[in-house]
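Below you'll find the structure, written out as C-alpha cells, and then a few comments.
Count residues from 1 along the sequence. Remember, it's 1-based here, ligands and their atoms both numbered in the order they're listed.
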Amino acid sequence: MKIIPISGALGAEVSGLDVSVKLSNSQTSELYEAFLKHRVLFFREQTLSAIGLLKFSKIFGEPTVYPFIQGLPDVPEVIEIIKTEADEKNFGGSWHSDTSYMKQPAKATLLYAKEVPEYGGDTLFCNTNMAYEELSEGMKKLLCNMIGINSSEKGYKGGRAAGMNRLNAMKGAYNKKSKSFESEHPVIRTHPDTGNKSIYINKSHTYKFKDMSEDESKPLIDYLCDFMVKPEFTCRFRWRKGSIAVWDNRTTLHNAINDYQKKRRHMQRITLEGCEPR
Ligand code: SIN
C-alpha cells in the first residue's frame, strides 16, 4: 500500500489496495493512522457492493443512519446521492461539516462514486486545524469559550433541501417525518484522537453564537468561514467511477462543486457515528 499526499494542507491518495477483500490488522491500523494524519483519504478503481462499502467503513468507525434520507432497504446506513440531468441543485453544495446540527455529529463520512460526469462534480476539502493554528493568539483567546448554534434548517443556503426533495420525490425515499435538528457546540473543538484543536463552525449550519444575536454573530461567522477555506488550507478531489473518499468531519469541511448541469452524478454515502464535540 502507498499513501501519497495530494496537497500541502490535507488529503492523501491510497494506492495498491483492493478494499473489497478483508484487510489485515496492520493494514487497517495503517489506514486509520493515515486517516488521522491526512484527514481525508482517497481510493481509486474500487468495486464494492453496498454491503462491501459498509464493511470497509467499519475500519474508520461505527456506521449510522443519516437523519434526512432513508437508506437502502437492505443496508439502511448507505444512502444514495444522485443528481440527475434534470436537477439544478446538488447535495452538499456549500462548505460544511456533516450533521454538525446533531448533538453527536458525524465522526467521518465515506463517499463512493458509482457514476460521475466526464468533468465537473469535484469535491473540495479544507483543514480546519491548520486554519485554527493560523489564527492570532488574540482571536484564539476570544473563540476558546464561545459556543456555536448549529441548525439543520436555519442558515442552510446549499442545495440539500431542494435537491433532496427532488431526489426523494423521484426515489420515493424522503423521510417526511424527519424533524429539524439544532445543537450547541464549542466553536473550537479538540479532536478526541489527536488532541488537535479545530475551528468548528460552518456557514451551512452555524447561524449564531450563544448569547449573541444573529446580526451580531454574522460578521465573525463570515470572517472565520471565509478564513478556513483559503486555498492554502484546501485540497480538491477529482472523482472517477470507483473512487472512494473518507473524511474526518471533526477537523475538515467539505463542499461539493455544482458545476455539471444536465449531467448525472451518482454516489453512495455512509455516515459514521461521532461523539459530542468538546
Ligand atoms: C456531501 O456533502 O456529503 C456530498 C459531497 C459530494 O457529493 O461530493
Side-chain angles (χ1 to χ4, degrees), residues 6 10-11 13 39-44 46 53 57 60-61 63-72 77-84 87-102 105-126 128 150 152-153 155-168 171 173 181 202-206 225 228-229 234-261 263-274:
I6 70 158
L10 79 167
E13 190 164 318
R39 299 158 215 270
V40 50
L41 295 181
F42 305 108
F43 303 80
R44 296 287 191 189
Q46 303 293 328
L53 187 63
S57 74
F60 304 99
T64 184
V65 294
Y66 179 73
F68 289 106
I69 301 182
Q70 201 169 308
L72 299 178
E77 299 90 343
V78 175
I79 59 168
E80 304 242 58
I81 307 289
I82 302 172
K83 181 172 186 270
T84 70
D87 293 322
E88 285 176 8
K89 293 196 171 177
N90 70 335
F91 177 95
S94 62
W95 285 103
H96 64 285
S97 176
D98 289 324
T99 67
S100 63
Y101 43 78
M102 309 282 286
K107 169 186 182 181
T109 306
L110 278 91
L111 199 63
Y112 172 49
K114 305 273 288 180
E115 273 181 87
V116 291
E118 199 186 334
Y119 55 86
D122 296 356
T123 306
L124 301 169
F125 296 87
C126 77
T128 55
N150 301 275
S152 59
E153 300 306 319
Y156 191 80
K157 305 270 191 314
R160 191 193 64 215
M164 276 172 51
N165 284 335
R166 192 154 191 168
L167 160 68
N168 290 296
K171 297 181 65 63
F181 297 92
N202 63 88
K203 271 193 208 173
S204 300
H205 303 140
T206 316
C225 290
M228 280 190 282
V229 303
T234 70
C235 73
R236 176 173 180 145
F237 185 60
R238 182 160 194 183
W239 294 93
R240 297 198 295 260
K241 183 177 174 188
S243 302
I244 301 174
V246 51
W247 61 86
D248 187 338
N249 284 297
R250 302 165 297 182
T251 183
T252 62
L253 301 179
H254 59 282
N255 183 352
I257 304 175
N258 190 13
D259 61 348
Y260 56 105
Q261 300 303 340
K263 297 191 181 111
R264 186 179 165 87
R265 183 176 183 267
H266 175 184
M267 319 294 266
Q268 285 185 334
R269 193 182 110 137
I270 294 184
T271 310
L272 302 182
E273 199 172 290

Polar contact flag, side-chain donor to acceptor under 3.5 angstrom, Thr123-Asn255: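 Short answer, no.
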
Side-chain H-bond candidate by donor/acceptor type, His254 with Trp247, under 3.5 Å: yes

Within residues 90-102 or reaching into it, pairs that qualify as salt bridge (charged side-chain N to carboxylate O under 4.0 Å, His left out) - sequence neighbours excluded: Asp98-Arg269

Listed once per pair and sorted, the salt bridge (charged side-chain N to carboxylate O under 4.0 Å, His left out) pairs that draw on residues 110-121, sequence neighbours left out: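 Listed by first then second residue: Glu115-Arg264.
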
Pocket residues of ligand 1, ordered first by chain and then by residue number (heavy-atom cut-off under 4.0 Å): Phe91, Gly92, His96, Leu111, Thr123, Trp247, His254, Ala256, Arg265, Arg269

Ring-face cation of Lys83 near Tyr260 (centre distance under 6.0 Å, axis angle within 45°): yes

With sequence neighbours excluded, residues passing salt bridge (Lys or Arg N to Asp or Glu O under 4.0 Å) with Asp259: none

